[in-house]
Structure formats: structure tokens, C-alpha cells
Amino acid sequence: MGFKFQGVDFLHLDSYFSEDELLVRRTARDFVEDNLVPIIEECFRTERFPRQLVPVMGELGFFGANLEGYGCAGMSNVEYGLVMQELERGDSGFRSFVSVQSALVMYPIYTFGSDEQKNNWLPALATGEKLGCFGLTEPGFGSNPGGMTTTARKSGDGYILNGEKMWITSGTIADVAVIWAKVEDEGDKVRGFLVETDRHGFKADDIHGKWSLRASVTSGLSLQDVHVPECNLLPKSDGLKSPLMCLNQARYGIAWGAIGAAMSCYDCALQYSLLRKQFRDQPIASHQLVQQKLAWMINEITKAQLLVLQVGRLKDAGKVQHQHISMAKRNNVWMALECARLSRDILGANGVADDYPIMRHLMNLESVKTYEGTHDIHTLIIGQSVTGIDAF
Ligand SMILES: Cc1cc2nc3c(=O)[nH]c(=O)nc-3n(C[C@H](O)[C@H](O)[C@H](O)COP(=O)(O)OP(=O)(O)OC[C@H]3O[C@@H](n4cnc5c(N)ncnc54)[C@H](O)[C@@H]3O)c2cc1C
């Protein structure tokens, strides 16, 4: 038994959104309600990515939504954030797929790519006809990607790539992988390469047994003497800061997305608490300790909404800094995870069943807390920003 989502806006923050922004949110909310909500529990149970929804999202302009041209929707960053919020209200794994396609594949091609690369890939990635993945993390290097051991060596008219990438979203369904490697001939500078996944020596295998993001594909990649032509190098990629710029885009979307997961949990727990009766035939919502949990959640969700709205406005004004995005990602994912735990508690035994979305959100958010910079790495980024001292 599920409840119909009622929306969460305690402080009338909708008055800060333009008509266009509200329209984008409504479109994404309807898409999720009509297409994702009815199937997501089955997808999560069976570890299935609902690929049939990809072309629909392409038509709605959800891929590379905040990019201009090449068939992209050219949304503002706030509009893009609202799309991420609604998608993650459906499922964090599903939102992860869209984040990767948009912020980690289309954005680097758009920002660091040649005209030929942009024309070749962006229109097809925008419709969802082609899918991409982003290979930064390695088995031995997660929080510290600068230690990566994947290499690119100049050879004739191109490069030879060797290495292993791990925990790569969409790895086995991707047509193109954005691979970050140290270029031996350039003093081990990190640069990005577009690797078509049907190239000889490229292999992707799914990671099974995840208890989180089960509706999203996660893979390991192996590159053994993969030859790519010179024109597959992202020409404007220039050191580790290039993949970090991509992560910044993705983290921004996650900061919005986490609010969606929190709203889903809170809304479900609120509706449940008004119906469920215990002691003297009273709804559990009438007990002070239950109200305390609901009050904590709406309080934190509202603060998170304000935080991300300001970060979004700064981003649209070209004034956002990476530490602002770190604060929003860190706070909002933590807040969402706490909301999921409190909501699960309010549902009692029903909270652990997939008749309700809460336990799925809870398990998903454990990954969201870890990827795109763990909670603690963002603590260190904020600490570095205010003290000027690097404590990594
Ligand atoms: C489902 C899923 C999908 C993913 N998708 C992608 C993807 O598409 N592409 C990609 O490249 N990667 C992806 N990742 C990888 C993700 O970005 C990494 O898991 C993340 O960067 C953390 O790295 P790690 O798991 O190796 O943890 P580690 O870096 O080993 O960290 C483990 C713990 O140590 C702590 N720690 C590490 N260093 C410090 C320090 N200096 N000070 C204090 N604490 C520290 C961390 O905070 C954490 O708590 C994905 C991960 C998951 C789970």
C-alpha cells in the first residue's frame, strides 16, 4: 500500500520559483508518478534498470538539461535541480543514471570536447539513443582519484589505454566511456578520453549483490591495450581539476536529488502516522514522540530546500564555488538519510517492507552518502575553505 505524494513546502518556498521552474517540476513530477513509481519496487527487487524510460526522458529534455544547443533543453540550473529532485523522489538509482549521462558524460564532452566530439555525441546522448559512463574510481583509488594507475601512452596516431575502473554507473549499458587516465608522455597529467565500449580490449562486467541503487547498473571496467585515435582525447581536459569539475556538476544535482528522497520518506511517514492507530484508538501522529520525528524532518527538509535554492541561484549567476556545492551535497544527503531512518521507524514493521518506498530510499542513500565525494571528504573541503589548511 503506497500513498499519493502530496508535495512538501512548509515555508511557501514555491513563491521563490518562476512559472517556468514550476512547470519543469510539474513535468518531472508527473513523469515520475506515471512511469517510475508503478514499477520501481519491482526494478529494485530484481536489480533491473528500467531502460524503457530512457527515450521518454530524452523527449522531455532531462539529459544534459542545463546545457545549451546540440538538442539539449537549455534549462537553468534551478530547473535542472528540480528535475533531479523529482527523479530522486522516485529513486536515487534512477536519478544516478540521469546524473551520469548529464553531468559526467555530456558535460565533459561539452566543456572539454572538440567540435567534432560534441557534434558526434551530444545530440545522441540528449535523446538517450546513446548512453555513457564515467570512469574515474579505481579499485585502489576512490576518495583520492589523483593516485589513479590507469595510463595512456602515445602510440602512432593515437593512444594505448591500460587500467581498471571500479564502481562505474551504467558501465555495461554504455556506448561510450569517459575514461580518466594519466598520460605518460605528459608527465602523468590526468586527461579524459572518449572510449567507445566496443573497442578491442575494453571489457565491462556488472557488480551484483549491491543492497543499494539496485535499479541502477554498476560495473567494473577493464582496459587492456585499448587503442583510441588522437581525436578521442578530450582536447581541453587538463589535469585532475577536469574530472573534479564534472563531479561538481553531479554533486550539485545530488544536493537537489537528496531532498526528493527525503520528501518521499517524510510524506509517506506523515500520511501513515495519521492513519495508523495504537493505544486508545488514537493515530500514532497524536503521540508527542512521533510528532517530534515529523517536526525534525520538516525542519531539516525546509533548511535543505533553502540551502540548495541559494546554491542554485548562485550557480545561475555564475558565482557558485565548489565549497558551496560541497556544503549542499553533504548536508542534504545526511539530512535525507536521517529522514529515511526516522520515517522507517514511524512505519514500524511496515517500514522494512517494499510496500512503501522508505527502506529502498534508506538503502539507496547509503551509496549517495559515499559517492561523488564521501560525507567526510566534503567536511574536509569545507574545512579547507574556511581555514585555508588542507587536511586530507
Ligand atoms: C553505487 C555506486 C556508484 C558509483 N558510480 C561511480 C561512477 O559512475 N564513476 C566513478 O568514477 N565512481 C563511481 N562510484 C565510486 C565512488 O565515487 C567512490 O565509492 C567514492 O569516491 C569513495 O571511494 P571509496 O569507495 O574507494 O572509499 P574510500 O576512499 O576508500 O573511503 C572509505 C572511507 O574512508 C574515508 N576517508 C578516505 N580518505 C579520507 C581522509 N583523507 N580523511 C578522512 N576520511 C577519509 C571516507 O570518507 C570513507 O568513509 C560509485 C560508487 C557507488 C557505491
Side-chain angles (χ1 to χ4, degrees), residues 43-44 47 49 88 91-108 131-150 163-174 176-182 190 192-193 195 197 204-223 237 240 242-251 253-254 257-258 261 326 329-330 333-334 337 360-384 387 389-392:
C43 290
F44 193 88
E47 254 187 310
F49 167 63
E88 191 145 358
D91 185 72
S92 305
F94 193 72
R95 194 272 308 140
S96 300
F97 163 78
V98 179
S99 285
V100 168
Q101 179 88 349
S102 302
L104 298 181
V105 177
M106 295 175 73
Y107 170 82
L131 304 183
C133 70
F134 176 88
L136 180 66
T137 304
E138 299 186 355
F141 297 93
S143 298
N144 175 24
M148 72 174 69
T149 58
T150 298
E164 303 280 328
K165 298 289 179 183
M166 192 64 178
W167 295 106
I168 306 305
T169 302
S170 304
T172 54
I173 56 173
V176 63
V178 176
I179 297 291
W180 299 94
K182 284 183 173 164
V190 173
F193 294 85
V195 180
T197 54
D205 289 296
D206 281 342
I207 298 171
H208 292 290
K210 285 179 296 167
W211 289 113
S212 184
L213 303 189
R214 288 171 62 80
S216 141
V217 173
T218 316
S219 321
L221 309 181
S222 152
L223 295 99
S237 64
L240 191 61
S242 299
L244 295 183
M245 282 168 67
C246 303
L247 295 180
N248 235 9
Q249 300 298 315
R251 290 165 180 173
I254 292 168
S326 283
K329 193 270 183 185
R330 177 181 183 274
V333 176
W334 160 78
L337 197 46
R360 176 172 50 80
H361 282 306
L362 203 167
M363 293 196 284
N364 281 340
L365 287 163
E366 291 289 350
S367 283
V368 182
K369 189 181 179 205
T370 284
Y371 72 19
E372 297 288 346
T374 69
H375 183 84
D376 288 343
I377 292 298
H378 288 295
T379 309
L380 298 179
I381 292 172
I382 296 167
Q384 182 185 37
T387 64
I389 303 167
D390 181 339
F392 290 91

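We count residues from 1, following the sequence as given. Each ligand, and each atom within it, is numbered from 1 in the order the structure gives.
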Report the residues that fulfil side chain to side chain donor-acceptor pair (under 3.5 Å) with S143, sequence neighbours left out, ordered by chain and then residue number.
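For S143 there are no side chain to side chain donor-acceptor pair (under 3.5 Å) partners, ignoring immediate neighbours.
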Excluding sequence neighbours, so at least two apart, what forms side chain to side chain donor-acceptor pair (under 3.5 Å) with Q101?
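Q101 satisfies side chain to side chain donor-acceptor pair (under 3.5 Å) with no residue once adjacent residues are dropped.
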Does G373 offer a backbone N or O that forms a donor-acceptor pair with the side chain of H378 under 3.5 Å?
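Checking the backbone N and O of G373 against the side chain of H378, a donor-acceptor pair under 3.5 Å is found.
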So which pairs with a foot in residues 91-101 pass salt bridge (Lys or Arg N to Asp or Glu O under 4.0 Å), sequence neighbours left out?
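For residues 91-101: E88-R95, D91-R360.
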Min side-chain heavy-atom separation F94-C43 under 4.5 Å:
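Not in contact.
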Here's a test for you: under side-chain contact (heavy atoms from CB on, under 4.5 Å), which of I179, L247, T150 qualifies with L136?
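Of the listed residues I179, L247, T150, the side-chain contact (heavy atoms from CB on, under 4.5 Å) partner of L136 is L247.
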Contact table, ligand 1 N/O with protein N/O, distance under 3.5 Å:
| unit_1 | atom_1 | unit_2 | atom_2 | d |
| --- | --- | --- | --- | --- |
| ligand 1 | 5 (N) | W167 | O | 2.8 |
| ligand 1 | 5 (N) | T169 | OG1 | 2.8 |
| ligand 1 | 8 (O) | T169 | N | 2.9 |
| ligand 1 | 8 (O) | T169 | OG1 | 3.3 |
| ligand 1 | 9 (N) | F134 | O | 2.9 |
| ligand 1 | 11 (O) | L136 | N | 3.0 |
| ligand 1 | 11 (O) | T137 | N | 2.8 |
| ligand 1 | 11 (O) | T137 | OG1 | 3.1 |
| ligand 1 | 12 (N) | T137 | OG1 | 2.7 |
| ligand 1 | 12 (N) | W167 | O | 3.4 |
| ligand 1 | 14 (N) | W167 | O | 3.1 |
| ligand 1 | 23 (O) | S143 | N | 3.4 |
| ligand 1 | 29 (O) | S143 | N | 2.9 |
| ligand 1 | 29 (O) | S143 | OG | 2.6 |
| ligand 1 | 47 (O) | T374 | OG1 | 2.6 |

